[in-house]
K.L.:
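Below are the structure tokens for one structure; questions will follow.
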Amino acid sequence: MYCTQCGDALATGVRNCPSCGNFTDYNQPPPPPVKTYLVQSILVTFFCCQIFGIVGIVYAAQVNPKLQAGDVPGAQESSRKAKNWTLAGFLTGLSIFVLYFGFVFLAIIADSA
């Protein structure tokens, strides 16, 4: 085991860290899993909108370090922001795709008339 505050190795059964004095509770449940949305952000960056995807990647990359530091609310907030930016990028890319092919279709119809 390692101290959650200073990172020093702890002997089995030690309740206080000898280096910093931090109290460690071994009976505490592990933090809940928090989705990172990293893969989705990368896909949005490649296929849809780079700006939205990059911001999503930045927030997605913050989730695991915050969880390891014990900041579960901060990790959940970063996960929520990554999800929102990724969804915004996907919807923006989808809208541009639909509008583009709609205009192409209208141009074909107008040219054939």
K.L.:
Show me, pair by pair, the donor-acceptor contacts under 3.5 angstrom made by side chains of residues 47-63, not counting sequence neighbours?
P.N.:
{"residue": "Q62", "atom": "OE1", "partner": "S78", "partner atom": "OG", "Å": "3.2"}

K.L.:
Side chains of residues 36-44: which donor-acceptor partners sit under 3.5 Å, not counting sequence neighbours?
P.N.:
{"residue": "T36", "atom": "OG1", "partner": "L38", "partner atom": "N", "Å": "3.4"}
{"residue": "S41", "atom": "OG", "partner": "Y37", "partner atom": "O", "Å": "2.8"}
{"residue": "S41", "atom": "OG", "partner": "T86", "partner atom": "OG1", "Å": "2.7"}

K.L.:
Applying side-chain contact (heavy atoms from CB on, under 4.5 Å), name anything that partners D71, two or more places apart in sequence or on another chain.
P.N.:
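Expected list: K66, P73.
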
K.L.:
Compile the donor-acceptor pairs under 3.5 Å between side chains in residues 89-113 and protein atoms, sequence neighbours left out, one pair per line.
P.N.:
{"residue": "T92", "atom": "OG1", "partner": "A88", "partner atom": "O", "Å": "2.7"}
{"residue": "S95", "atom": "OG", "partner": "L91", "partner atom": "O", "Å": "2.8"}
{"residue": "S112", "atom": "OG", "partner": "I108", "partner atom": "O", "Å": "3.3"}
{"residue": "S112", "atom": "OG", "partner": "I109", "partner atom": "O", "Å": "3.0"}

